[in-house]
Amino acid sequence: MTLKAAYFALLGLAEEDEITWPRHIQPAINRGRSVPLSIEWRKQGAGHNVRAWAELLVGVRALAAATTFGTAFAAQVQGCGQRLGQLWRETLRYHKNRAYLYEVRQVREVAGWLLVNADDL
């Protein structure tokens, strides 16, 4: 959610603006899939693809010099998206499962980094 919020804030949406699938989420996914970004964005669980949202945020910011992340920060954002994407899938919401403690620690670390740096996203 932090990555999505950062992307939509970059587009000028306010915190209280309603974000809908047809007006915001689907166009963001389409933008990510299209050139020049060409992000691999699977259809299943598309709105929940943490890795793709991180790539979209970094990629769209890189399109304008005024909003580009520094190289190290961009890599950290994308790394967070990749790590979360490996540990969490939208389909997990619909199944009983128990995370291993090391997985919980990894997700907590990545989510914590995103929250601490949310104002810079």
Side-chain angles (χ1 to χ4, degrees):
M1 295 303 294
T2 302
L3 293 167
K4 286 182 195 179
Y7 172 76
F8 290 118
L10 179 63
L11 297 185
L13 273 70
E15 285 185 24
E16 63 275 358
D17 288 343
E18 179 183 3
I19 295 173
T20 66
W21 184 269
R23 290 186 60 225
H24 304 96
I25 304 288
Q26 189 62 60
I29 293 167
N30 293 344
R31 183 178 192 185
R33 287 177 176 155
S34 67
V35 175
L37 300 175
S38 302
I39 296 168
E40 179 189 336
W41 210 315
R42 291 183 297 277
K43 289 185 186 241
Q44 179 154 351
H48 301 280
N49 189 326
V50 181
R51 179 208 35 85
W53 282 104
E55 289 183 23
L56 179 67
L57 178 61
V58 170
V60 169
R61 281 186 161 277
L63 295 174
T67 60
T68 299
F69 287 142
T71 304
F73 192 80
Q76 186 72 31
V77 172
Q78 288 187 303
C80 286
Q82 290 167 358
R83 285 179 28 207
L84 285 173
Q86 291 170 345
L87 294 165
W88 186 84
R89 299 266 190 294
E90 178 259 345
T91 55
L92 293 174
R93 296 169 55 186
Y94 306 106
H95 302 285
K96 284 186 177 183
N97 58 69
R98 289 184 189 257
Y100 292 107
L101 288 178
Y102 75 90
E103 293 173 319
V104 173
R105 282 191 286 276
Q106 288 176 358
V107 169
R108 186 181 293 142
E109 178 185 314
V110 173
W113 188 91
L114 288 169
L115 290 172
V116 165
N117 292 283
D119 290 342
D120 297 323
L121 294 174

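Side-chain atoms are counted along with the backbone in the values below, which use heavy atoms only and exclude waters and symmetry mates.
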Exercise for the section: Each residue besides Y100 in its hydrophobic cluster should be listed here, by chain and number; the cluster joins Ile, Leu, Val, Met, Phe, Trp and Tyr at side-chain heavy-atom distances under 4.5 Å. Expected result: Y102
Practice task
Kindly indicate whether the side chain of L121, heavy atoms from C-beta on, has any atom under 4.5 Å from the side chain of F73.
Solution key: yes
Exercise for the section: Determine whether more than 12 heavy atoms belonging to other residues, nucleotides or ligands lie under 6.0 Å from atom CG of D119. Expected result: no
Completion exercise
Closest non-hydrogen atoms of A99 and V104, given as atom of the first, atom of the second and distance, are CB-CG2, 3.7 Å
Handout entry: Sub-4.5 Å side-chain heavy-atom contact between L114 and L84
Key = yes
Fill in the blank from the handout: Taken to the nearest 0.5 Å, the spacing of Q76 CD from R83 CZ works out to 7.0 Å
Exercise for the section: Decide, yes or no, whether a salt bridge links R105 with E109 under the criterion of side-chain N to carboxylate O below 4.0 Å. Expected result: no
Practice task
Taking all heavy atoms of I29 and all of W21, pick out the closest pair and write down the distance.
Solution key: CD1-CH2, 3.8 Å
Problem - Atom pair CD/CG of Q106 and L101 - distance to nearest 0.5 Å - result: 11.5 Å
Problem - Straight-line distance of E18 CD to H24 NE2, nearest 0.5 Å - result: 8.0 Å
Practice task
Could you tell me whether a side-chain N or O of N49 sits under 3.5 Å from a main-chain N or O of A46, the two making a donor and an acceptor?
Solution key: no
Exercise for the section: Write down the atom of A54, the atom of G81, and the distance for their closest heavy-atom approach. Expected result: CB-CA, 3.8 Å
Exercise for the section: Please report the C-alpha distance between V77 and W53 in whole Å, then the side-chain angles of each, then the deciding distance to 0.1 Å, and finally whether the side chain to side chain contact (heavy atoms under 4.5 Å, CB included) criterion is met. Expected result: CA-CA 10 Å; V77 172; W53 282 104; over 6 Å; no
Practice task
Quick one: closest heavy-atom pair of T68 and A62, and the distance?
Solution key: OG1-CA, 3.6 Å
Contacts table for residues 1-13: side-chain donor-acceptor under 3.5 angstrom, sequence neighbours left out:
{"residue": "K4", "atom": "NZ", "partner": "G47", "partner atom": "O", "Å": "2.6"}
{"residue": "Y7", "atom": "OH", "partner": "R31", "partner atom": "NH1", "Å": "3.4"}

Fill in the blank from the handout: Here the pair of heavy atoms bringing W41 nearest to A28 is CZ3-O, 4.2 Å
Exercise for the section: Indicate yes or no for a side-chain donor-acceptor contact from R51 to the backbone of E40 under 3.5 Å, with no hydrogens or angles considered. Expected result: yes
